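This report concerns only the one structure given below.
Each chain gets a letter, A, B and so on, in the order its sequence line appears, and its residues count up from 1. Remember, it's a predicted structure, so these values are computed and weren't measured experimentally.
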Amino acid sequence: MAGDRILDGLNAAQREAVTHDAGPLLIIAGAGTGKTTVITRRIAWLIARKKARPEEILALTFTDKAAAEMEERVDQLVPYGYADVEIATFHAFGDRLLREHALELGLQPDFRVLNRAEQVIFFRDRLFQFPLERYRPLGDPTKHLQAMITLISRMKDEDIAPEAYAAHAERLRALAAAAPDDAELAARAAQHAELARTYAKYQELMAASGAIDFGDQIVHALRLLRQRPYVLGGYQRRFKYILVDEFQDTNWAQFEIVKLLGARHANVAAVGDDNQAIYRWRGAAVSNFRGFLQHFPRARVLVLTENYRSHHRILDAAYRLILNNPDRLEESEEGRRHGVTKKLAAVRELDGAEPQHLHYETASQEADAVAQLIRERVEARAWKYDDVAVLVRSNSDADQFLRSFNLRGVPWTFSGNAGLYGRPEIRLLIAFLRAVAHPDDSVSLHYLALSDIYQVPIVDVTRCSTYADRRHRWLFDVFRRAEELREIRDELEDEGREAIRRLVADLTRYMELAREMPTGEVLYQFLVDSGWLARMSKAATARDEAEVQNISKFFRRVQDASKALRYDNLREFVNHLDGLIDAGEDPAVAEADVETPAVRVLTVHKAKGLEFPVVFLVSLVQDKFPLRGRREALEVPVELIRETLPAGDFHQQEERRLFYVGMTRARRELYLTSARDYGGARQRKVSQFVLEALDLPKDAARPFKAKAVEEIQRFAPPAEPDAARLAPIPPEQELLISHKQVDDYQTCPLKYRYVHVLRVPILRHHAVVYGSTIHKVVEHYLLRRTAGNYTSLEDLQAVYEREWDNQGFLTWEHEEARKAAGRQALTRFWHEEEAGGTKPTYVEKEFGFSLGADRVRGRFDRVDQDLFGATIIDYKTGDVAAQKVADRRAKESLQLKIYALAWREMTGALPQRVELRFLEANLVGRHTPDEGDTEEAGAAVEAAAVGIRARAFEATPSYSACRYCAYNQVCPFTATRE
DNA sequence: GGTGTATCTCTTTTT
DNA sequence: GAGATACACC
């Protein structure tokens with residue numbers, strides 16, 4: 001009988017686990033101890049011994065991948081091929097329950113499951129239906145949206161219903177009422193009340209539109225089992241045996257489901273390793289381990305410690321590390337009672353080298369040394385490339401290594417989790433789709449025109465953009481009428497003329513096609529016509545191949561997404577895609593071909609469950625690994641959390657477990673590497689985990705030197721296609737420059753080029769549109785006042801109505817709310833001015849002064865003069881919370897520094913004060929400028945002028961610069977991954 | 001030891 | 001651009 005085969009090769013503890021007859025069972029399976037083997041064989045054993053029929057067994061996992069793998073291994077073991085065992089992820093299982101009982105739960109039977117990006121869109125589309133205030137600021141209504149969605153999702157992990165949250169908020173309100181002096185408590189009560197109402201509203205709206213989210217797949221299923229005893233009874237009778245994989249990753253709600261389903265037979269077997277719990281941040285409750293023993297006090301506990309992966313030197317180091325975590329199961333009361341020990345013993349890899357720590361001077365030396373070592377060892381035939389894995393804590397740590405691998409000719413694959421929409425080939429396709437769907441999207445058209453496919457000379461594109469921008473026309477219209485517009489026609493070279501003609505003809509044709517064809521077909525046609533398809537089919541290099549795979553991945557997404565649309569047409573699709581991108585969707589780039597041997601670079605999280613002969617854990621310095629802990633923007637109130645929270649610094653403990661996971665991936669060799677300098681100003685300390693694992697003294701860092709030449713090579717800027725560089729502006733020629741130009745150049749020279757040189761037209765952001773409307777109204781009032789004319793409040797409001805521009809608002813509710821807020825701010829402004837505001841000396845006063853060969857120009861919103869001197873005032877509409885912030889903004893404003901300099905240049909004296917008047921917040925930021933400010937202003941202007949004259953427009957991407965840049969969708973250097 | 005300024009980072013991933 | 005932290009300075 002098959003029994004022999006099922007127990008073949010198992011050690012004693014494994015055999016016990018597999019053949020455990022009935023009753024609850026907790027299997028604590030350390031890294032590499034054959035966890036999956038035990039589960040799959042146990043399933044096979046239960047069937048072979050007729051303990052249960054296949055359909056009476058339920059096995060729950062976390063990932064689709066794990067479920068698929070388990071299913072395959074069970075199939076191999078169970079002779080008759082009847083794969084009726086219910087092997088599913090928690091979510092898939094919950095989903096099935098819901099679909100079978102949708103009506104009883106008040107759900108539409110064909111409900112849709114929204115992913116994160118779709119949730120964001122759903123919420124944003126209905127943002128103004130939510131009872132929000134504090135968490136929906138009008139200047140940036142979606143500011144807290146992501147945080148609220150995360151909060152709701154965490155609430156579901158913890159099995160906290162909207163009513164429970166509301167009750168908590170109510171308790172806080174009562175407490176606050178009892179303590180009227182505690183302003184902080186009152187604020188907290190109000191915030192939670194707002195969030196609780198929002199959570200309830202979210203559930204209501206989701207139900208009304210027939211949608212659920214991933215969290216609902218668990219909590220609705222839980223509700224079903226709780227509220228419908230006959231449903232619960234049915235499943236309890238059916239599932240005689242339940243197995244849970246990766247038990248340390250279950251959250252509270254998931255364990256509740258397991259408890260309910262297993263209540264009748266109590267044949268629940270959970271398998272996991274508390275030392276490998278690395279998903280606390282998404283709700284995993286390590287305390288479920290202890291919870292299991294409390295819920296099933298008579299549970300059998302088996303500990304697997306025979307490790308089939310690594311040799312003892314690696315295992316000992318990992319154990320030394322993990323001993324530093326106080327909260328381990330083996331230290332707990334329950335753990336002791338059951339004699340849990342987690343010290344792993346090597347049984348296959350008998351001996352090997354101690355894990356090594358390699359420390360370097362700089363990050364690039366570290367990366368280079370790793371690359372070189374791998375190469376040497378491969379050339380010496382000691383390793384193969386695909387024996388080696390480089391594990392990083394954060395995706396961004398991988399860059400340096402990939403660059404070094406390129407330099408040394410080491411083949412690699414990187415499994416990141418994003419970046420598809422950032423690939424140049426995909427950006428181009430998206431730009432194409434946008435240009436066809438929205439002829440007024442000049443940014444995309446601009447990108448398309450300059451692309452390899454159309455190759456319109458940059459001079460010609462710039463000429464057309466500038467023309468379009470000055471006349472407020474679409475770039476597309478200017479292209480289309482290039483032959484008629486004399487200013488354009490006479491200046492175009494033949495080459496440009498032909499390229500533009502081709503571009504316009506193509507786009508027109510695709511617009512026609514898009515009227516009837518689904519998006520996928522339009523895109524396909526473009527790939528054919530542009531010659532890409534032909535090029536793709538003869539992809540020669542690995543790079544080409546990656547490009548092709550990315551394109552086909554995007555293609556599949558296009559087809560998936562168009563299915564979700566009511567009408568599959570290009571416009572709908574592009575709007576949908578823009579929504580998704582805006583909501584943060586960014587699929588991973590295509591996985592590289594696994595057949596070519598290559599070093600695998602991946603995050604430690606992704607490496608969980610995998611093993612490699614050689615492992616490098618890299619960038620091991622404090623604040624990188626362990627990464628500094630960050631709190632969630634909105635947190636589940638601790639009072640509502642039912643699981644026992646771990647004691648002490650649990651962030652650091654989780655990082656340590658993650659490090660443990662990383663170390664225990666290695667079979668034969670483990671290298672821990674670090675460097676002193678990672679590009680910041682500060683020296684970095686070697687990760688405490690390295691010292692703990694290797695039992696090193698605190699000063700164990702030993703620097704190495706790299707060769708200077710290699711250093712220089714690596715810092716060489718990436719080769720940039722030299723786009724018809726124009727001659728610099730000679731020193732004798734005057735350069736006109738404004739504070740906005742200086743500011744843009746400082747932010748990023750390439751942004752400066754987009755805005756002020758190429759003049760790529762963009763849609764203005766609602767906050768900008770709104771700001772300029774308010775500005776105009778204020779200006780109208782002040783000008784009249786200076787001239788001695790009275791303006792009634794009604795007239796002021798009339799001007800406001802007339803000047804109102806509805807560009808860019810999220811929805812009409814947003815527009816209405818903003819408009820009302822503006823009306824209020826203007827009313828207040830009017831009252832204050834009428835009640836005795838000083839009469840302005842100048843309004844909208846132009847200024848200009850020379851700084852060397854440069855001439856700085858601009859315009860003061862308002863200048864008030866009195867006996868003590870001048871006050872320069874600039875009006876703002878932004879959101880400022882406190883006086884301190886307003887003052888700081890005034891103090892740090894480059895604009896005001898330049899204004900102060902201008903005033904001194906023109907009058908000989910510094911203004912006594914500069915002010916930022918925040919109209920909506922009703923705050924005034926004040927600052928007294930000094931020589932330091934004017935010096936700084938002069939230096940900033942000069943630095944920008946030098947760059948602009950030299951036409952130096954290299955991008956300086958950074959998180960903050962790119963985040964709100966209007967060009968981040970088409971800019972090849974953007975630091976945003978969207 | 002307290003305060004002000006300089007510096008750094010802005011994860012991890014599944015359903 | 002915000003928020004946290006490290007460091008310098010008193």
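For the pair A/Arg282 and A/Tyr279, the cation sits on the ring face: its NZ or CZ lies under 6.0 Å from the ring centre, inside 45° of the axis.
Here B/dT14 presents its P atom at 18 Å from CG of A/Leu60, a figure rounded to the nearest Å. Taking atom CD1 of residue A/Ile149 and atom P of nucleotide B/dT14, one finds them 19 Å apart after rounding to whole Å. Protein atom CG of A/Asp95 is 10 Å distant from nucleotide atom C1' of B/dT15, rounded to whole Å. To the nearest angstrom, P of C/dA2 lies 7 Å from CZ of A/Arg889. If you measure from atom CD of A/Gln217 to atom P of B/dT14, you get 16 Å, rounded to the nearest angstrom. Following rounding to the nearest Å, A/Arg657 (CZ) and B/dT12 (C1') show an atom-to-atom distance of 13 Å. For A/Phe111 and B/dT15, the CZ to C1' distance is 13 Å, given to the nearest whole Å. To the nearest angstrom, P of C/dG1 lies 12 Å from CG of A/Leu894.
Heavy atoms of A/Asp64 sit under 4.0 angstrom from primed sugar atoms or phosphate atoms, though from no base atom. Residue A/Thr603 is in sugar-phosphate contact alone, with no base atom involved, counting any heavy-atom pair closer than 4.0 Å across all strands shown. Within 4.0 Å of A/Arg684, counting heavy atoms only, lie sugar-phosphate atoms of the nucleic acid but no base atom.
Nearer to the 5' terminus of DNA chain B, by closest-nucleotide assignment, is the contact made by A/Asp623 (compared with the other of A/Asp623 and A/Glu654).
In this structure, of B/dT11, B/dT15, B/dT12, it is B/dT15 that holds the atom nearest to the side chain of A/Phe214. The nucleotide whose nearest atom lies closest to any side-chain atom of A/Arg888 is, among B/dT13, B/dT11, C/dA2, C/dA2. Looking at the side chain of A/Arg282, the nearest of the listed nucleotides C/dG1, B/dT15, B/dT13 is B/dT13. Looking at the side chain of A/Trp281, the nearest of the listed nucleotides B/dT13, B/dT11, B/dT15 is B/dT13. Nearest nucleotide to the A/His91 side chain, out of B/dT15, B/dT14, B/dC10: B/dT15.
In this structure a side-chain-to-backbone donor-acceptor pair under 3.5 Å is present from A/Gln248 to A/Asp273.
More than 12 heavy atoms of other residues, nucleotides or ligands shown are found within 6.0 angstrom of NZ on A/Lys259. Annotation for A/Glu72: atom CD does not count as buried by contact number, only 12 or fewer foreign heavy atoms lying within 6.0 Å.
Stacking is not found between A/Phe62 and the pyrimidine-like six-membered ring of the B/dT15 base under the 5.5 Å centre-distance and 30° plane-angle cut-offs.
Interface remark: the A/Arg628 side chain does not form any donor-acceptor pair with the B/dT9 base, using a distance-only criterion of under 3.5 Å.
For B/dT13, the OP1/OP2 oxygens have a side-chain nitrogen or oxygen of A/Asn395 closer than 4.0 Å.
Between B/dT13 and C/dA2, the two C1' atoms lie 25 Å apart (nearest whole Å).
With 3.5 Å as the limit, one finds no donor-acceptor pair spanning the side chains of A/Glu915 and A/Tyr875.
Rounded to the nearest 0.5 Å, atoms CG (A/Asp677) and CZ (A/Arg684) are 9.0 Å apart.
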